[in-house]
Amino acid sequence: MSLIIDQLSCSLGKRRVLHDLAGMEARPGEITALIGPNGAGKSTLLRAIAGITMASGHMTLDGLSLETQSLGQRTRKLYYLPQDTSTQAALSVFEAVLLARRTQVAEPNRQALAAVAQALQSLELNPLAERELAALSGGQRQRVAIAQAIVRRPRLLMLDEPTSALDLHHQLQVLDYLHRLARQDDVIIVIAIHDLNLAARFADHLWVVKEGRHIVSGRPGDVLTPQRLREIYAIEADVEWPPGSSPRITPRSATRRLGS
Ligand SMILES: Nc1ncnc2c1ncn2[C@@H]1O[C@H](COP(=O)(O)OP(=O)(O)O)[C@@H](O)[C@H]1O
Ligand SMILES: [Mg+2]
């Protein structure tokens, strides 16, 4: 049982943004990293899976067609955390995470409070629990949004550049936490991410898209080769793969300007 994209196309306005994506699978218990240049279609793909953006084609989650399900039905199984997590809501961190839990899980108060407390602790948000969302930094708000995503307990969790505003400590902490969450709860996690070293370290599987097309999928060590990086990002990069470790990518130079 997994998320499978058989065939997926999407147009925004008059522009075709995703072209017949196929052969993409994200498995439970694993982190799948979605990588590709700016404008490749990463956010559009995640939004199409979530049902927020209209798309045509065929996708299944645990064997059931997603496209035949209403937005409400999808919402019970999956959660999409968008790139932009700014908010004007006059809620404290604690209230915001509790509200996220309440929208998705019916349970006694005690259980809801325990789930929220655990999420706040895991993301080192306890010191901020009583602060208003509007009074947080971008990175702090991003961690709250991740806590809100986690307490919903989705079967499929999709996060759009969830570490883009985080300092190095919190990048590692969040990805390590998501990695453990996938393993422990058998969740399907898909993360759009630009940092290839983090992707190589924490992802079990990569999906690579460019100009709305699926270029390749596979294990980080198989996908992140100098030739592929040239093809995908138009960069010259060194790739070292120390034994027992994940591949390490050092970008050297841009080979030419990217087309779009
Ligand atoms: N509302 C829209 N209307 C038309 N084109 C759009 C719209 N939103 C995004 N696009 C275009 O779709 C392409 C894919 O965008 P996006 O999925 O956001 O890429 P990524 O997340 O990989 O950076 C880009 O060329 C972008 O300009
Ligand atoms: Mg994006």
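Both counts, for ligands and for their atoms, begin at 1 and track the order of listing. In this text, all values refer to a predicted model and were calculated from it rather than measured experimentally. Values below: all heavy atoms of this structure, side chains included; hydrogens, waters and symmetry mates excluded.
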For [atom], which protein heavy atom lies nearest, and how many Å away is it?
atom                    : answer
atom 15 (O) of ligand 1 : Thr44 OG1, 3.8 Å
atom 10 (N) of ligand 1 : Leu12 CD1, 3.7 Å
atom 24 (C) of ligand 1 : Gly39 O, 3.6 Å
atom 11 (C) of ligand 1 : Arg15 NH1, 3.9 Å
atom 18 (O) of ligand 1 : Ser43 CB, 3.8 Å

Please name the pair of heavy atoms, one in [X] and one in [Y], separated by the smallest distance, quoted to 0.1 Å.
X     : Y      : answer
Leu71 : Gly51  : CD1-O, 3.5 Å
Leu46 : Leu159 : CD1-O, 4.1 Å
His19 : Arg16  : CE1-CG, 3.3 Å
Ala33 : Ile193 : CB-CG2, 4.0 Å

Heavy-atom contacts under 4.0 Å between [X] and ligand 1: side chain, backbone, both, or neither?
X     : value
Val17 : side chain
Lys42 : both
Pro37 : backbone

**Atom indices of ligand 1 within 4.0 angstrom of Asn38 heavy atoms, with elements** =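 Answer for ligand 1: 23 (O).
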
**Request:** Using a strict 4.0 Å cut-off to heavy atoms of Ala40, name the atoms of ligand 1 that fall inside it.
**Result:**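 Counting from 1, the qualifying ligand atoms are 19 (O), 20 (P), 22 (O).
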
**Request:** Take every heavy atom of Gly41, measure it against each atom of ligand 1, and state whether any distance is under 4.0 Å.
**Result:**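 Within the 4.0 Å threshold, so yes.
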
**Asked** So does Arg101 pair up with Glu107, basic N to acidic O under 4.0 Å?
**Response**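 Salt bridge: yes.
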
**Message:** Taking Asp204 first and then Arg183, would you say they form a salt bridge - that is, a charged N and a carboxylate O separated by under 4.0 Å?
**Reply:**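 Answer for the salt bridge query: yes.
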
**Leu196: which of Ile232, Val239, Leu229 passes side chain to side chain contact (heavy atoms under 4.5 Å, CB included)** =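 The option that passes is Leu229.
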
**Request:** Calculate, to the nearest 0.5 Å, the distance between atoms CG and CH2 belonging to Leu3 and Trp207 respectively.
**Result:**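 Those atoms lie 4.5 Å apart.
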
**Request:** Have a look at the Mg ion (ligand 2) and estimate, to 10 degrees, the angle subtended by OE1 (Gln83) and OG (Ser43).
**Result:**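 About 80°, to the nearest ten degrees.
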
